[in-house]
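Worksheet: one structure, shown below.
Predicted model only: the values in this text are computed from it and were never measured.
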Amino acid sequence: MPRVVAPADAAPRPVLAVTTAPQGGTFDHQDSNGGGGTITNGDTQWMTAGSGLLHIEAPPESLVVSGGLFHGLQLWVNLPASDKMMAPRYQDIRGGQVQLLTSPDGGALLRVIAGELDGHEGPGITHTPITMIHATLRPGAEISLPWREDFNGLAYVMAGRGTVGAERRPIHLGQTAVFGQGGSLTVRADEKQDGNTPDLEVVLLGGRPIREPMAHYGPFVMNTQAELRQAFEDFQAGRLGTIPAVHGMGG
């Protein structure tokens, strides 16, 4: 699988992609393959670790000094065995680049970050079929989205409360709902939301299962124990490169 490692105050990471999407605050990223940048509210960084790299990410020094809110979501996506040793890549996806859609009644805003929804494609480039959507639902709004039947599907609540599925099972901040088989995903926002979270904010994720053996330890995710040992050896031998010093990041 891809091998990612971070020095000093960061941690090594192996996966198809490490996706970080802040919904508030600012985040700096840099890796040993030359990728990186600063992402802020609504932006997404999509880092494909592939054959391995070092990376570090942290709030900028100014935010640490002044204090403030940071709210983000990080997702690790596995790579199929055939792509685990591909060259690393970094995608900087700005909030204005995602595909924006609304529900027919205007009660929900959908941001297609990767994959496609009903023929509308997001900018994120993936190596297995994946869909990633950030949806904002006003109180009382409901969406029922077409979903590939060969995909799994889940919903993670970043703010607010609502229900999922035709049975309207309740879900709230910090919870994840896993959908069963079917050709659609249904999410509804409660009529009343918490005072500090006026809308339901939910990330909808799904993809075609890889169904391969997986071995993982710490930040490394591979297919076999032998590959894990090789990944650690490569890291300890310095084969994953180095990260140039950046003011306010690392030490």
Side-chain angles (χ1 to χ4, degrees), residues 1-22 27-39 44-59 72-93 113-115 123-132 150-152 154 156 176 178 203 205-246 248-251:
M1 142 109 246
R3 293 96 56 83
V4 189
V5 182
D9 54 350
R13 297 208 178 135
V15 277
L16 146 63
V18 177
T19 305
T20 304
F27 218 52
D28 289 334
H29 168 95
Q30 191 175 39
D31 64 51
S32 57
N33 194 50
T38 298
I39 56 175
T44 301
Q45 62 175 18
W46 197 293
M47 181 182 67
T48 302
S51 57
L53 47 68
L54 305 178
H55 84 123
I56 188 169
E57 54 189 11
L73 174 69
Q74 187 171 88
L75 169 72
W76 289 20
V77 185
N78 196 9
L79 279 173
S82 59
D83 290 333
K84 278 191 168 62
M85 299 306 290
M86 66 174 291
R89 180 175 60 195
Y90 180 85
Q91 299 175 65
D92 191 346
I93 303 171
I113 298 170
I125 299 171
T126 69
H127 296 275
T128 56
I130 295 168
T131 293
M132 180 178 182
D150 61 334
F151 274 22
N152 51 28
L154 59 85
Y156 174 75
T176 300
V178 179
V203 172
L205 303 165
R208 191 173 62 204
I210 297 175
R211 305 194 190 286
E212 293 178 347
M214 185 174 70
H216 66 91
Y217 183 82
F220 297 101
V221 181
M222 307 299 290
N223 290 99
T224 68
Q225 292 296 320
E227 290 172 343
L228 272 183
R229 290 191 291 272
Q230 183 63 54
F232 271 103
E233 180 181 321
D234 289 346
F235 169 56
Q236 293 169 345
R239 299 187 187 111
L240 302 188
T242 59
I243 300 178
V246 176
M249 298 178 60

Discussion item. Please report the interatomic distance CG(L75) to CD1(I113), rounded to the nearest 0.5 Å.
Written reply: 10.0 Å
Worksheet item: Can you name the nearest heavy-atom pair linking A81 to N223, along with the distance?
Response: CB-OD1, 3.4 Å
Fill in: H55 NE2 to L240 CG distance, which is reported to the nearest 0.5 Å
11.5 Å
Worksheet item: Mind checking whether H127 and M86 have side chains closer than 4.5 Å, heavy atoms only?
Response: yes
Discussion item. Taking T38's backbone N and O only, do any of them form a donor-acceptor pair with D28's side chain (distance below 3.5 Å, no angle check)?
Written reply: no
Response to the item:
All heavy atoms of I93 vs all of P123, minimum pair found to be CG2-CG, 3.5 Å
Worksheet item: Can any side-chain N or O of N152 pair as donor or acceptor with the backbone N or O of G207 at less than 3.5 Å?
Response: yes
Practice prompt. Let me see the working for R89 and I125 under side chain to side chain contact (heavy atoms under 4.5 Å, CB included), right down to the final yes or no.
Written response: CA-CA 10 Å; R89 180 175 60 195; I125 299 171; 3.2 Å; yes
Fill in: Shortest non-hydrogen separation from A49 to P88 and the atoms involved
O-CG, 3.4 Å
Worksheet item: Is there side-chain contact between M85 and E227, with at least one heavy-atom pair below 4.5 Å?
Response: no
Discussion item. Given 3.5 Å as the limit, does a donor-acceptor pair link the side chain of N33 with the main chain of G35, or not?
Written reply: no
Worksheet item: Quick one: CG on L205 to CG on L154, what's the gap to the nearest 0.5 Å?
Response: 5.0 Å
Fill in: Minimal non-hydrogen separation, S32 against G241, with atom names
CB-C, 4.1 Å
Worksheet item: Roughly how far apart are L53 CG and Q30 CD, rounded to 0.5 Å?
Response: 11.5 Å
Worksheet item: Atom CG in L73, atom OG1 in T44: separation rounded to 0.5 Å?
Response: 9.0 Å
Worksheet item: Which residues pass the ring pair (Phe, Tyr, Trp, His ring centres under 6.0 Å) test with Y90, sequence neighbours left out?
Response: H29
Worksheet item: Just wondering, are more than 12 heavy atoms of other shown residues or ligands nearer than 6.0 Å to CZ in R208?
Response: no
Worksheet item: Okay, side chain of Q45, backbone of I39: is any donor-acceptor separation there less than 3.5 Å?
Response: no
Discussion item. I need the F220 CZ to D234 CG distance, nearest 0.5 Å.
Written reply: 8.5 Å
Worksheet entry | Any side-chain heavy-atom pair of M132 and V77 under 4.5 Å | no
